[in-house]
J.: 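Pasting in a structure now, in structure tokens, and then I'll have a few things to ask.
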Amino acid sequence: MELTKYGHACVRLEKDGKVLVVDPGTFTEGSVLDGADAVLITHAHFDHVDVDRLRSASPDLEIWTCESVAEALSDVPAKVQVVRHGDDFQAAGFSVRVFGEWHAKNHPDVPVAQNVGFLLDDELFYPGDALTVPGVDVPTLLVPTNAPWLKLSETIDYLRAIRPARAFSTHDGLLNEVGLGLVDNFLKMESDKQDAEIRRLAVGESVTLP
């Protein structure tokens with residue numbers, strides 16, 4: 001599969017002529033949904049789901065997400081399907097397994113939101129806004145590196161819990177160049193320590209996964 005990083009927390013995956021997009025939020029620029037067959041959405045926060053964009057998407061698009069997002073997409077023409085922890089399904093030619101139920105704790109006065117993570121083709125795990133340890137082998141991890149709910153030390157602990165062969169930064173759209181440089185340094189140190197490919201993809205950069 002080919003993975004392309006879009007802004008902040010969105011990626012586009014292509015395999016065998018099919019296209020799957022994960023978390024196209026309001027920070028995502030460009031025509032990320034052009035030609036897309038399916039969309040996976042981890043949770044309802046605006047930086048992960050752009051309802052207006054999905055309203056104008058093709059009615060042939062399939063959307064897979066948690067219950068709270070599905071409720072927000074009730075007037076979207078695409079087919080919306082609810083998934084929960086433990087589910088597995090096929091989307092755009094990818095096998096998908098669902099792990100996790102809740103967003104990481106954020107502000108103490110804000111209720112914890114639903115959040116599901118997706119493991120694609122037993123290769124790529126995208127946890128959404130959580131540090132879910134799925135308890136299965138994860139060759140490639142999309143690792144959150146910046147958020148109001150996250151410290152960089154927690155990112156490193158998560159990488160050490162998962163120990164992927166490859167990990168690429170996600171959820172980094174709030175950082176300026178100084179902050180991105182800090183993330184790059186931390187990921188480089190961990191890459192050297194684990195002897196693994198751990199780094200940040202630039203927006204628009206693509207990699208080919210096994």
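Numbers for residues simply follow the sequence, beginning at 1.
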J.: Given side chains that start at C-beta, do those of L124 and L13 come closer than 4.5 Å, heavy atoms only?
T.: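 In contact.
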
J.: Using salt bridge (charged side-chain N to carboxylate O under 4.0 Å, His left out) as the criterion, point out the one residue from D122, D88, D137 that pairs with R97.
T.: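 Going through D122, D88, D137 one by one, the salt bridge (charged side-chain N to carboxylate O under 4.0 Å, His left out) with R97 is satisfied by D122 alone.
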
J.: Evaluate side-chain contact (heavy atoms from CB on, under 4.5 Å) for L54 paired with I41, printing each intermediate quantity in order.
T.: CA-CA 11 Å; L54 292 172; I41 300 170; 3.7 Å; yes

J.: Verify the cluster assignment for L187 and L201: are they in a single hydrophobic cluster under the rule of side-chain heavy atoms below 4.5 Å apart?
T.: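 Unlinked, L187 and L201 end up in two clusters.
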
J.: Using the test salt bridge (charged side-chain N to carboxylate O under 4.0 Å, His left out), find all partners of D50 that sit at least two apart in sequence or belong to another chain.
T.: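 For D50 the salt bridge (charged side-chain N to carboxylate O under 4.0 Å, His left out) partners, ignoring immediate neighbours, are R53.
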
J.: Do F27 and V49 share a hydrophobic cluster, counting only Ile, Leu, Val, Met, Phe, Trp and Tyr and linking them when any side-chain heavy atoms are less than 4.5 Å apart?
T.: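 No, F27 does not connect to V49 through the hydrophobic network.
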
J.: How long is the gap from SG on C66 to CD on E71, to the nearest 0.5 Å?
T.: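 Those atoms lie 9.0 Å apart.
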
J.: Would you kindly check if the NZ (Lys) or CZ (Arg) of K15 is within the cone defined by 45 degrees around the ring axis of F94 and under 6.0 Å from the six-membered ring centre?
T.: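 Checked: cation-pi criterion met.
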
J.: When rounded to the nearest 0.5 angstrom, what distance separates NE2 in H8 from CG in L174?
T.: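 If we round to the nearest 0.5 Å, H8:NE2 and L174:CG are 5.0 Å apart.
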
J.: Is any side-chain heavy atom of L20 less than 4.5 Å from a side-chain heavy atom of D37?
T.: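 The answer is no; the side chains never approach within 4.5 Å.
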
J.: On a heavy-atom basis, which atom in L152 and which in T145 lie closest, and how many Å separate them?
T.: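 Looks like CD2-O, 3.7 Å.
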
J.: Are side-chain heavy atoms of L150 and L131 found at a separation under 4.5 Å?
T.: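 L150 vs L131: side chains touch.
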
J.: Could you tell me whether a side-chain N or O of Y126 sits under 3.5 Å from a main-chain N or O of A9, the two making a donor and an acceptor?
T.: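 Yes: the side chain of Y126 pairs with the backbone of A9.
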
J.: Looking at G7 and T28, what are the two nearest heavy atoms and their distance?
T.: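 That would be O-OG1, 3.7 Å.
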
J.: Where the side chain of N115 meets the backbone of P127, is there a donor-acceptor pair that is under 3.5 Å apart?
T.: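 Yes; judged by distance alone, with no hydrogens or angles, the pair exists.
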
J.: Are F89 and L73 grouped together when hydrophobic residues (ILVMFWY) are joined by side-chain heavy atoms under 4.5 angstrom apart?
T.: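 The answer is no; the residues belong to distinct hydrophobic clusters.
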
J.: Please say whether more than 12 non-hydrogen atoms of neighbouring residues, nucleotides or ligands are located less than 6.0 Å from CD in E29.
T.: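 Open: at most 12 neighbouring heavy atoms sit under 6.0 Å from CD of E29.
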
J.: Under 3.5 Å, side chain of S169 to main-chain N/O of R200, donor-acceptor pair present?
T.: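 Looks like no, no N/O pair under 3.5 Å.
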
J.: Might you point out which heavy atoms bring A91 and W64 nearest each other, and give the distance in Å?
T.: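 So the two residues come closest at CB-NE1, 3.6 Å.
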
J.: Measure the spacing between CG of L142 and OG1 of T42 and express it to the nearest 0.5 Å.
T.: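 Output value for this atom pair is 11.0 Å.
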
J.: Please check: side-chain N/O of T155 versus main-chain N/O of P144, any donor-acceptor pairing under 3.5 Å?
T.: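 The answer is yes, because a donor-acceptor pair under 3.5 Å joins these two groups.
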
J.: Roughly how far, to the nearest 0.5 Å, is CZ of F168 from CD of E197?
T.: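 E197 atom CD to F168 atom CZ measures 4.0 Å (nearest 0.5 Å).
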
J.: Hey, does the side chain of D23 reach the backbone of G128 with a donor-acceptor pair shorter than 3.5 angstrom?
T.: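 Not at all, since once roles are kept as given, no pair shorter than 3.5 Å links the two residues.
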
J.: Can you tell me how far NZ of K5 sits from SG of C10, rounded to the nearest 0.5 angstrom?
T.: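 With rounding to 0.5 Å, SG (C10) is 9.5 Å from NZ (K5).
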
J.: At their closest point, which heavy atom of P164 faces which heavy atom of L159, and how far apart are they?
T.: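 Smallest heavy-atom distance, with atoms named: CD-O, 3.7 Å.
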
J.: With clusters defined by side-chain heavy atoms of hydrophobic residues (ILVMFWY) lying less than 4.5 Å apart, directly or transitively, does V133 cluster with I198?
T.: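 Shared cluster, yes.
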
J.: Could R55 and D52 be called an ion pair, given the rule that one side-chain N must be under 4.0 Å from one carboxylate O?
T.: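 Salt bridge: yes.
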
J.: Roughly how far apart are F118 CZ and T65 OG1, rounded to 0.5 Å?
T.: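 F118 atom CZ to T65 atom OG1 measures 6.0 Å (nearest 0.5 Å).
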
J.: Return the minimal non-hydrogen interatomic distance between I63 and V76, and the atom names on each side.
T.: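 Here I63 and V76 meet closest at CD1-CG1, 4.2 Å.
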
J.: Going through the distances and angles, do V116 and D87 end up as a side-chain contact (heavy atoms from CB on, under 4.5 Å)?
T.: CA-CA 10 Å; V116 290; D87 287 348; over 6 Å; no

J.: What do the steps show when you test E123 against R166 for side-chain contact (heavy atoms from CB on, under 4.5 Å), and what is the final call?
T.: CA-CA 10 Å; E123 170 63 39; R166 291 161 297 280; 2.7 Å; yes

J.: Check V138 against F125 and note the closest heavy-atom contact, atom names and distance.
T.: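 That would be CG1-CB, 3.6 Å.
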
J.: Going by atom types only, do H171 and D47 share a side-chain donor-acceptor pair under 3.5 Å?
T.: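 Short answer, yes.
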
J.: Output yes when D192 and K188 qualify as a salt bridge under the 4.0 Å nitrogen-oxygen rule, no when they do not.
T.: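 Salt bridge: yes.
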
J.: Between R199 and E205 (salt bridge meaning N to carboxylate O under 4.0 Å), is one present in this structure?
T.: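 Counted as a salt bridge, because a side-chain N and a carboxylate O are separated by less than 4.0 Å.
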
J.: For the pair Y6 (side chain) and S31 (backbone), establish whether a donor and an acceptor sit closer than 3.5 Å, ignoring hydrogens and angles.
T.: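 Looks like no, no N/O pair under 3.5 Å.
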
J.: Same cluster or not: are V21 and V96 linked, directly or through other Ile, Leu, Val, Met, Phe, Trp or Tyr residues, by side-chain heavy atoms under 4.5 angstrom apart?
T.: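 No, separate clusters.
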
J.: Relative to each other, are the rings of H43 and H103 parallel, tilted or perpendicular (30° and 60° limits)?
T.: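 It falls in the perpendicular class, over 60°.
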
J.: Could you please spell out the steps behind the side-chain contact (heavy atoms from CB on, under 4.5 Å) verdict for L182 and V178?
T.: CA-CA 6 Å; L182 183 64; V178 175; 6.0 Å; no

J.: What residue among T140, L40, L209 forms side-chain contact (heavy atoms from CB on, under 4.5 Å) with L120?
T.: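 For L120, the side-chain contact (heavy atoms from CB on, under 4.5 Å) check succeeds only for L40.
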
